[in-house]
Amino acid sequence: MLFLLVVRSEDDSSFIIDLYTEHGNYLYATAFKILKESNQAEDALHNAFVKIMENIDRIMEIPCHKRLPYVVIVVKNQALTQYQKLKKHPVVDLAEMQYGLADNQNIEDAAIQTEELESLIAHVDSLSDELRLPLLLRYAEDMPHKKIAELLDISEALSRKRVQRAVEALRSKMGRKD
Amino acid sequence: MSDTAFLIEVRQACKLVVKQSIAQRERDNSLSYSYVDLPDEQISLLAGKIDILPSQYRDAILLRYGCSESYQKIGEFLSIQNPKGTIEFAKNILSSTLTAGQPISPASLSDACDILLNHMTLEESTDMHIFSDRHKKRMHSLFNGTQAAWAPSKKLRRLLLVALITALIIGTTIGVVAMLGRNFFKWDIRKDDEGTHVEITEIMRELTEEDFEEMYQYQPGWLPNGFTYAYSGDEQVYALFEYYHSDDGQRIVFRKQLPVEYAGFSFDETSGSALEEIEINGNQAYYFERVQDGRPTVYWQQDGYLFQIVSPLDKESTIQIAESVAYKK
């Protein structure tokens with residue numbers, strides 16, 4: 001750990017210490033909100049500060065008023081990364097799983113499924129922007145309709161309607177019945 | 001196929017579309033020359049939309065346009081593989097809603113991020129967390145190290161780490177070898193009515209020719225007055241004999257032996273005499289007196305060898321000779 005201690009001047013170190021003293025509790029709360037476990041949140045906070053100190057030269061170049069938000073982003077993302085690692089089952093991309101071959105799956109079935117998925121991807125790509133964007137935000141990013149509506153300047157009801165229409169269009173193109 | 005199963009497929013496809021789109025944008029090095037500068041009244045609207053974006057996109061945009069951070073650092077801090085592609089994808093979402101798909105200028109994005117960063121209010125937690133002692137210690141040692149006047153690069157740190165691990169492995173190996181060198185065989189000496197039996201029970205390292213050669217170098221450092229080296233003889237595959245004679249014809253025999261498996265032996269000259277367990281320079285040793293002539297004999301192991309001294313002297317002198325045996329260069 002000694003190798004990680006890289007801050008060069010007293011100004012730098014006082015900035016870091018002040019930051020921790022003044023906002024450590026808030027930064028901890030940011031991590032805790034994601035990890036829901038005290039030791040893990042403390043670890044995330046510590047690891048984030050190690051990263052911050054590794055990049056202290058760069059961070060000192062950022063205007064003062066932006067440094068704290070910057071640090072918040074680093075802590076939050078450190079907690080998110082830790083959260084992913086902590087999950088009992090590692091994050092598996094469902095789409096990648098689909099391309100992989102499950103143990104109990106024969107090659108023929110897998111080929112058909114892969115082909116179908118590729119076809120579905122092509123159909124998603126060919127949707128109009130009006131339908132495609134709400135669909136991607138809803139299904140790929142798990143955004144609630146309320147947020148999608150705010151982002152796209154449409155009503156919540158219209159967001160739902162567009163996603164629904166997109167799914168219907170895909171179903172139709174794939175020859176699937178309702 | 002059920003509706004749920006189809007929706008799962010749609011979800012998989014959407015995730016892949018986004019992933020492919022980001023990867024494609026990561027590779028795309030083309031520049032746009034038709035940026036749209038948003039009017040002032042729309043900058044705060046843009047800021048609001050950046051704020052709504054999924055966390056990963058929002059943070060990437062803020063770091064890039066609010067803090068002028070490099071793609072590499074953004075990737076590192078946010079643990080994302082394609083930071084540039086992620087940012088471009090997010091910008092595409094923003095432009096599709098604000099500028100009908102025309103790329104928004106970096107200046108507008110920067111202004112919007114400034115608004116967000118400037119107004120980023122920290123909701124102070126109502127509960128004051130009491131940090132654990134472990135955390136306090138870790139942070140304390142982290143901050144105490146901040147006064148260091150030098151800053152090793154990541155590469156140097158890796159090298160130092162590798163060197164440290166290598167040193168540990170070498171140190172451990174040397175330690176183990178040294179321990180084995182000191183006790184690299186186990187032996188058993190027992191006495192019964194037929195005599196005294198010495199048996200090598202376990203050899204803990206492979207013997208080499210060098211081990212045999214090295215045996216020559218072990219010599220007594222002390223001999224009683226009048227005794228000098230006479231000759232070596234009776235060399236066996238695994239044992240050497242050296243003889244030290246006195247002016248009046250008395251003889252001390254120094255036998256050196258490798259602890260090979262077939263070196264177990266018995267002798268009957270101890271029949272009826274006591275076999276005493278002693279120590280020679282901290283090593284396990286046995287002392288006895290031969291039946292036929294009462295000569296003191298010491299057997300001991302040292303540096304992985306098995307040594308024996310038979311002398312015409314008294315017990316103390318014989319033990320003293322044994323204790324003086326050392327490796328001489």
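In what follows, every chain begins at residue 1, and chains take the letters A, B, ... in the order their sequences are listed.
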Tell me if the NZ atom of A:Lys173 is crowded by more than 12 foreign heavy atoms within 6.0 Å. yes

With only heavy atoms counted, which part of A:Asp129 is less than 4.5 Å from chain B, the side chain, the backbone, both or neither? neither

Measure from the side-chain N and O atoms of B:Lys49 to the backbone N and O of A:Glu150, and report whether any donor-acceptor pair falls under 3.5 Å. yes

Return the minimal non-hydrogen interatomic distance between A:Glu141 and B:Pro54, and the atom names on each side. CB-CG, 4.0 Å

Chain B contact via A:Thr30 - side chain, backbone, both or neither, heavy atoms under 4.5 Å: neither

Output the distance between atom CG (B:Leu62) and atom CD1 (A:Ile73), rounded to the nearest 0.5 Å. 4.5 Å

Evaluate side-chain contact (heavy atoms from CB on, under 4.5 Å) for A:Leu120 paired with B:Gln12, printing each intermediate quantity in order. CA-CA 9 Å; A:Leu120 192 54; B:Gln12 290 168 359; over 6 Å; no

Checking B:Tyr65 now: which residues fulfil ring-ring contact (aromatic ring centres under 6.0 Å, His included) with it, not counting sequence neighbours? none

Worked verdict on B:Ser55 versus A:Lys76 for side-chain contact (heavy atoms from CB on, under 4.5 Å): CA-CA 10 Å; B:Ser55 165; A:Lys76 189 182 79 182; 3.2 Å; yes

Contacting moiety of A:Ile62, where chain B heavy atoms sit under 4.5 Å: side chain

Less than 4.5 Å to any heavy atom of chain A: does that hold for the side chain of B:Ile130, its backbone, both, or neither? backbone

Please confirm whether the backbone N or O of B:Ser132 pairs with a side-chain atom of A:Glu42, one donor and one acceptor, at under 3.5 Å? yes

Test B:Arg134 against A:Asp43 for salt bridge (Lys or Arg N to Asp or Glu O under 4.0 Å), laying out the working first. CA-CA 10 Å; B:Arg134 171 178 160 271; A:Asp43 282 352; 2.9 Å; yes

If you tally heavy-atom pairs under 4.5 Å against chain A, which of B:Asn92, B:Thr97, B:Ile50, B:Leu98 wins? B:Thr97

Gap between atom CG of A:Leu68 and atom CG of B:Leu117 - 0.5 Å precision: 10.5 Å

Salt bridge (Lys or Arg N to Asp or Glu O under 4.0 Å) for A:Arg58 and B:Glu69? Distances and angles first, verdict last. CA-CA 9 Å; A:Arg58 172 71 196 97; B:Glu69 193 51 276; 3.0 Å; yes

Does CD belonging to A:Glu156 count more than 12 external heavy atoms closer than 6.0 Å? yes

With rounding to the nearest 0.5 angstrom, report the CZ to CG distance, B:Phe77 to A:Asn77. 10.0 Å

Determine the minimum heavy-atom distance between B:Phe131 and A:Gly24, stating which atoms define it. CZ-O, 3.8 Å

Here the gap from A:Tyr70 atom OH to B:Leu63 atom CG, rounded to the nearest 0.5 Å, amounts to 5.5 Å

For chain B, which of A:Asn39, A:Ile59, A:Leu45 has the most heavy-atom pairs under 4.5 Å? A:Leu45

Is it the case that over 12 heavy atoms from other parts of the model lie below 6.0 angstrom from the CD atom of B:Gln72? no

Cut-off 4.5 Å, heavy atoms of chain B, and the answer for A:Leu80 is side chain

Part of B:Ser68 within contact of chain A (heavy atom distance under 4.5 Å): both

Report yes if the side chains of B:Arg138 and A:Asn47 come closer than 4.5 Å at any heavy-atom pair, otherwise no. yes

side-chain contact (heavy atoms from CB on, under 4.5 Å), that's the test. Do B:Gln20 and A:Ile121 meet it? Break it down for me. CA-CA 10 Å; B:Gln20 286 171 357; A:Ile121 288 167; 3.9 Å; yes

From B:Glu9 atom CD to A:Leu170 atom CG, the distance as rounded to the nearest 0.5 Å: 10.5 Å

Taking B:Gly66's backbone N and O only, do any of them form a donor-acceptor pair with A:Lys66's side chain (distance below 3.5 Å, no angle check)? yes

A:Asp18 atom CG, over 12 foreign heavy atoms within 6.0 Å: yes

Could you tell me which portion of A:Val124 (side chain, backbone, both or neither) has an atom closer than 4.5 angstrom to a non-hydrogen atom of chain B? side chain

So what's closer than 4.5 Å to chain B heavy atoms on A:Leu133: side chain, backbone, both or neither? side chain

A:Ile154, part contacting chain B, at a heavy-atom distance under 4.5 Å: neither

Smallest heavy-atom separation, A:Phe49 atom then B:Leu142 atom, equals CB-CD2, 4.0 Å

Look at B:Arg11 together with A:Asp142 and state whether they make a salt bridge at an N to O cut-off of under 4.0 Å. yes

Please round to the nearest 0.5 Å and tell me the distance separating atom OG1 of A:Thr81 and atom CG of B:Leu78. 8.0 Å

The test is side-chain contact (heavy atoms from CB on, under 4.5 Å); show your working for A:Leu117 and B:Leu16 and say whether it passes. CA-CA 10 Å; A:Leu117 186 63; B:Leu16 259 187; 4.1 Å; yes

Check the angle between the aromatic planes of B:His129 and A:Tyr28 and answer parallel, tilted or perpendicular using the 30° and 60° thresholds. parallel

